[in-house]
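So the structure is just underneath, and the comments pick up after that.
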Amino acid sequence: MGQITDSRRRQIQRKGRIMRLMTQDKSKSVSLMGYAPPPTAATIDATLPVQAFIAQILNDELSAAGYGPPLKGDRLFDGVREYTLTDASPVYDGADLCGWTLITAGGT
C-alpha cells in the first residue's frame, strides 16, 4: 500500500461518515465510508440554485461488494440527502486504483 492510499484511508476513516452508493438501475448498492470536504469560497457560487457535492471514497469497499466503477447517474445517499453522480474521477497510487472522487448534484 502506498503513501497516497495510506493518507487517503486515514483521512476518510477519521473525518468520514457512512454513505450508500446505488447504481442507476438500483441493481447494486453498497454502504461505504465517505468523506465530503467542506466547500471552499472558490467552490461556492451563490448564483447556482444547487451546489455540487463532492465525496471521497476508497475503492476497497466497491471491489469487495462487486459494485464496479461508479458511473454518471448512480445515486449517493448521505444521511437523508440523495445526490446523483455527474462524474466520478479515479484516484491512483502509482499504478493502483485506490479511490474515487464523486461529483454529484442534487441533495434533495
Side-chain angles (χ1 to χ4, degrees):
M1 195 176 319
Q3 182 181 3
I4 293 172
T5 303
D6 287 340
S7 174
R8 188 177 186 86
R9 186 177 312 283
R10 279 192 307 271
Q11 180 182 45
I12 290 172
Q13 288 175 342
R14 185 175 61 248
K15 296 180 180 181
R17 56 189 177 265
I18 297 295
M19 297 179 185
R20 188 166 53 97
L21 187 61
M22 180 185 296
T23 57
Q24 187 173 10
D25 66 2
K26 299 180 183 176
S27 64
K28 294 181 185 175
S29 176
V30 61
S31 290
L32 45 77
M33 184 69 73
Y35 169 61
T40 62
T43 61
I44 297 173
D45 184 349
T47 63
L48 294 175
V50 177
Q51 300 297 317
F53 176 77
I54 297 174
Q56 305 286 339
I57 63 171
L58 295 169
N59 193 55
D60 299 354
E61 295 157 308
L62 293 180
S63 293
Y67 187 91
L71 301 172
K72 182 178 180 177
D74 286 358
R75 302 289 181 175
L76 180 67
F77 298 87
D78 180 20
V80 297
R81 296 200 180 274
E82 179 180 347
Y83 299 92
T84 302
L85 265 66
T86 57
D87 198 11
S89 205
V91 177
Y92 288 93
D93 188 352
D96 299 323
L97 176 63
C98 67
W100 293 89
T101 299
L102 306 177
I103 302 159
T104 70
T108 57

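Index from 1, following the sequence. Since the model is a prediction, treat every value here as computed from it, not as a measurement.
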CD1/Ile57 to CG/Asn59 distance, rounded to the nearest 0.5 angstrom? 7.5 Å
Is there side-chain contact between Leu85 and Leu76, with heavy atoms separated by less than 4.5 Å? yes
Does anything in residues 15-38 pair up under salt bridge (Lys or Arg N to Asp or Glu O under 4.0 Å), and if so which pairs, sequence neighbours excluded? Arg17-Asp78
Rounded to the nearest 0.5 Å, what separation is found between the CD1 atom of Ile103 and the OG1 atom of Thr84? 14.0 Å
Pairing residues for Tyr67 by the side chain to side chain donor-acceptor pair (under 3.5 Å) criterion, not counting sequence neighbours: Asp74
Using the side chain to side chain contact (heavy atoms under 4.5 Å, CB included) rule, take Arg9 and Leu58 through it: C-alpha gap first, then chi angles, then the decisive distance, then the call. CA-CA 7 Å; Arg9 186 177 312 283; Leu58 295 169; 3.4 Å; yes
Tell me, please, which residues at least two apart from Arg81 pass salt bridge (Lys or Arg N to Asp or Glu O under 4.0 Å). none
Looking at Pro70 and Ala88, what are the two nearest heavy atoms and their distance? O-CB, 3.6 Å
The test is side chain to side chain contact (heavy atoms under 4.5 Å, CB included); show your working for Thr101 and Ile54 and say whether it passes. CA-CA 7 Å; Thr101 299; Ile54 297 174; 3.7 Å; yes
Please report the C-alpha distance between Leu21 and Arg75 in whole Å, then the side-chain angles of each, then the deciding distance to 0.1 Å, and finally whether the side chain to side chain contact (heavy atoms under 4.5 Å, CB included) criterion is met. CA-CA 6 Å; Leu21 187 61; Arg75 302 289 181 175; over 6 Å; no
Shortest non-hydrogen pair, Tyr35 vs Met19, comes out as N-CE, 4.3 Å
So, taking the atom named CZ in Phe77 and the one named CD1 in Ile18, what distance separates them when rounded to the nearest 0.5 Å? 15.0 Å
Taking salt bridge (Lys or Arg N to Asp or Glu O under 4.0 Å) as the definition, give me every residue that meets it alongside Asp96, ordered by chain and number, with sequence neighbours left out. none
Residues in salt bridge (Lys or Arg N to Asp or Glu O under 4.0 Å) with Glu61, at least two apart? none
Exam field: side chain Asp93 to backbone Cys98, donor-acceptor pair closer than 3.5 Å: no
Counting C-beta onward and ignoring hydrogens, is there a side-chain heavy-atom pair between Tyr83 and Leu102 closer than 4.5 Å? no
Of all the heavy-atom pairs spanning Met33 and Ile12, show the shortest one and how long it is. CG-CG2, 3.5 Å
Heavy-atom nearest pair, Ala105 first then Thr86, reads CB-CG2, 4.0 Å
Using the salt bridge (Lys or Arg N to Asp or Glu O under 4.0 Å) criterion, which residues pair with Arg8? Sequence neighbours excluded. none
